[in-house]
Novice: 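To start, I am sharing the structure in question, which I have written as structure tokens.
All chains are named by letter (A, B, ...) in the order of the sequence lines, taking the proteins before the strands, and each is independently numbered beginning at 1.
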There are 2 protein chains.
Amino acid sequence: MVSVSTEPVSDECVCVDSHSVAVASPISEDQFAAMAKALGHPMRIRILRLLAERQSCITGDVVAELPLAQSTVSEHLRILRDAGLIQGEIEGPRTSYCLNTSGLAALRAAMASL
Amino acid sequence: MVSVSTEPVSDECVCVDSHSVAVASPISEDQFAAMAKALGHPMRIRILRLLAERQSCITGDVVAELPLAQSTVSEHLRILRDAGLIQGEIEGPRTSYCLNTSGLAALRAAMASL
DNA sequence: TCATCATATCGTATTTCGACGATCAACGAT
DNA sequence: ATCGTTGATCGTCGAAATACGATATGATGA
């Protein structure tokens, strides 16, 4: 259980970068490793950069940009989503993906603690 | 080609954290992925934290801290070194490892660009 | 309703990872 | 010169990752 105190948050890491201002909740070593692992593939880096350039993409947009089969791209998107690096939202017959800014902030905060 | 102007660097990412101030040289997507992949294992995270706490460790110190065989730890250290996240220096019969601050800075810079 | 489009999932083959014990190489001390 | 210590490398095994085509799902439109 995580208790939520009524005091103002004073000891938490506040990350201020060019993209967002976020309070990153600390993550465990295993979560940190899982996120880094998800990041550890060139095609998944490209997917993240693509989502950073455009605000959001549907699966087909990502497939069109990468030299991979549709099923492979779908799997990479699942891995990124499971790791908390992106978010997927079903929009009718499509799925729209965008960066998960809080997940990315948590990862950056963990990186900074090394 | 990246032209190096004579103006003061104004568009480069300068990372200021509690550990260091560094201008990170940009890395390729493949290098980024390789570094993240190396980071993507809980035991390797623990090794990095260990090296962050102490200034440096010899292989045996790391072996003593982890529930792994000596050969396995040596392999993890090799992976981290190949990825540019740590540095190893041979000191007589031992090898002393420490964090590679420029590699870590480059990784943080790449993370920030997402 | 039926066909179509967009995605996710399944089954599978290949490759890579992670772990171990055993061995090899290098250095220091006796 | 030989021995013990330290750590890297080799060989091997099972597990996991990566890729693909084929198929299932589910919403939209004719």
Novice: Could you measure the distance from the CG atom of B:Asp30 to the NZ atom of B:Lys37? Nearest 0.5 Å is fine.
Specialist: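 Here the rounded value is 10.5 Å.
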Novice: Are OP1 or OP2 of D:dA17 and a side-chain N or O of A:His76 less than 4.0 angstrom apart?
Specialist: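 The answer is no; no side-chain N or O of A:His76 sits under 4.0 Å from OP1 or OP2.
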Novice: Which nucleotide in the set C:dG21, D:dT6, C:dT9 lies at the smallest distance from any side-chain heavy atom of B:Ser71?
Specialist: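 So the nucleotide nearest the side chain must be C:dG21.
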Novice: Extract from the structure each pairing of a protein N or O with an N or O of nucleotides 23-28 of chain C at less than 3.5 Å, listing the distance.
Specialist:
none

Novice: For B:Ile58, does its backbone N or O pair with a side-chain atom of B:Asp61 as donor and acceptor, under 3.5 Å?
Specialist: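 Flag set: sc B:Asp61 to bb B:Ile58 pair under 3.5 Å.
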Novice: Might you point out which heavy atoms bring A:Gln87 and A:Leu99 nearest each other, and give the distance in Å?
Specialist: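 Result for this residue pair: OE1-O, 3.7 Å.
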Novice: Within residues 32-44 of chain A, find the residues that approach DNA chain D with a heavy atom at under 4.0 Å, and present them sorted by residue number.
Specialist: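 Of all residues in residues 32-44 of chain A, the ones placing a heavy atom under 4.0 Å from DNA chain D are A:Lys37, A:His41, A:Arg44.
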Novice: Whole-Å distance between D:dT18 C1' and A:Ile45 CD1?
Specialist: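 That distance rounds to 16 Å.
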Novice: Ignoring hydrogens, what is the shortest heavy-atom contact between B:Cys57 and B:Val62? Give both atom names and the distance.
Specialist: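 Nearest pair, atom of B:Cys57 first, then B:Val62: CB-CG2, 3.9 Å.
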Novice: Where each residue is assigned the nucleotide of DNA chain D containing its nearest heavy atom, which of A:Val73 and B:Arg81 is assigned the position nearer the 5′ end?
Specialist: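 Closest to the 5' end, via its nearest nucleotide, is B:Arg81.
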Novice: Please state whether the base of D:dG7 and the side chain of B:Ser74 form at least one donor-acceptor pair under 3.5 Å?
Specialist: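 Counting by modelled atom types and ignoring angles, no donor-acceptor contact under 3.5 Å is found here.
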Novice: Would you indicate what B:Leu77 reaches in the nucleic acid, counting non-hydrogen atoms under 4.0 angstrom: base, sugar-phosphate, or nothing?
Specialist: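 The answer is nothing, as B:Leu77 stays clear of every strand by at least 4.0 Å.
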Novice: Given side chain to side chain contact (heavy atoms under 4.5 Å, CB included), test A:Glu65 with A:Arg46 step by step and report yes or no.
Specialist: CA-CA 9 Å; A:Glu65 288 290 326; A:Arg46 286 183 59 178; 5.6 Å; no
Novice: Rounded off to whole Å, could you give me the CG-to-P distance for the A:Leu66 and D:dT18 pair?
Specialist: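 Computing the A:Leu66:CG to D:dT18:P distance gives 14 Å.
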Novice: Answer yes or no: does a side-chain N or O of A:Tyr97 lie under 4.0 Å from OP1 or OP2 of C:dA6?
Specialist: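 Result: no.
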Novice: Write down the atom of B:Ile27, the atom of B:Ala110, and the distance for their closest heavy-atom approach.
Specialist: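 Looking at all heavy atoms of both residues, the shortest contact is CD1-CB, 4.0 Å.
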Novice: Across the strands shown, which category fits B:Leu68 at heavy-atom distances under 4.0 angstrom: base, sugar-phosphate, nothing?
Specialist: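 Touches sugar-phosphate only.
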Novice: To the nearest angstrom, how far is B:Leu80 atom CG from D:dG7 atom C1'?
Specialist: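 The answer, rounded to whole Å, is 16 Å.
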Novice: May I have the distance from A:Arg78 (atom CZ) to C:dA6 (atom C1'), rounded to whole angstrom?
Specialist: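 Checked: the CZ to C1' distance equals 19 Å.
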Novice: Looking at A:Ala33 and B:Pro42, what are the two nearest heavy atoms and their distance?
Specialist: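 Residues A:Ala33 and B:Pro42, closest heavy atoms: CB-N, 3.6 Å.
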Novice: For the pair made of CG in A:Asp82 and C1' in C:dT9, what is the distance, rounded to whole Å?
Specialist: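 Atom-to-atom, A:Asp82 to C:dT9, this comes out as 13 Å.
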Novice: Within the 4.0 Å heavy-atom criterion, would you say A:Thr95 contacts the bases, only the backbone, or no part of the nucleic acid?
Specialist: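 Sugar-phosphate contact only - A:Thr95 comes under 4.0 Å of backbone atoms but never of a base.
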Novice: Would you mind telling me which residue lines up with the more 5' stretch of DNA chain C, A:Glu75 or B:Ile79, judged by nearest nucleotide?
Specialist: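 In this pair, the answer is A:Glu75.
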Novice: Does D:dC20 have OP1 or OP2 under 4.0 Å away from a side-chain N or O of A:Thr72?
Specialist: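 Result: yes.
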Novice: Between A:Ala83 and A:Ala38, which heavy-atom pair has the shortest distance, and what is it?
Specialist: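 Looks like CB-CB, 3.5 Å.
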Novice: Would you check if the side chain of A:Arg44 reaches a backbone N or O of A:Leu80 as a donor-acceptor pair within less than 3.5 Å?
Specialist: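 It does not hold such a pair.
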Novice: Does A:Thr59 make a side-chain N or O approach to OP1 or OP2 of C:dA8 shorter than 4.0 Å?
Specialist: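 Yes, such a contact exists.
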Novice: Which heavy atom in A:Cys98 sits nearest to a heavy atom in A:Gln55, and how many Å separate them?
Specialist: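 Smallest heavy-atom distance, with atoms named: CB-O, 3.6 Å.
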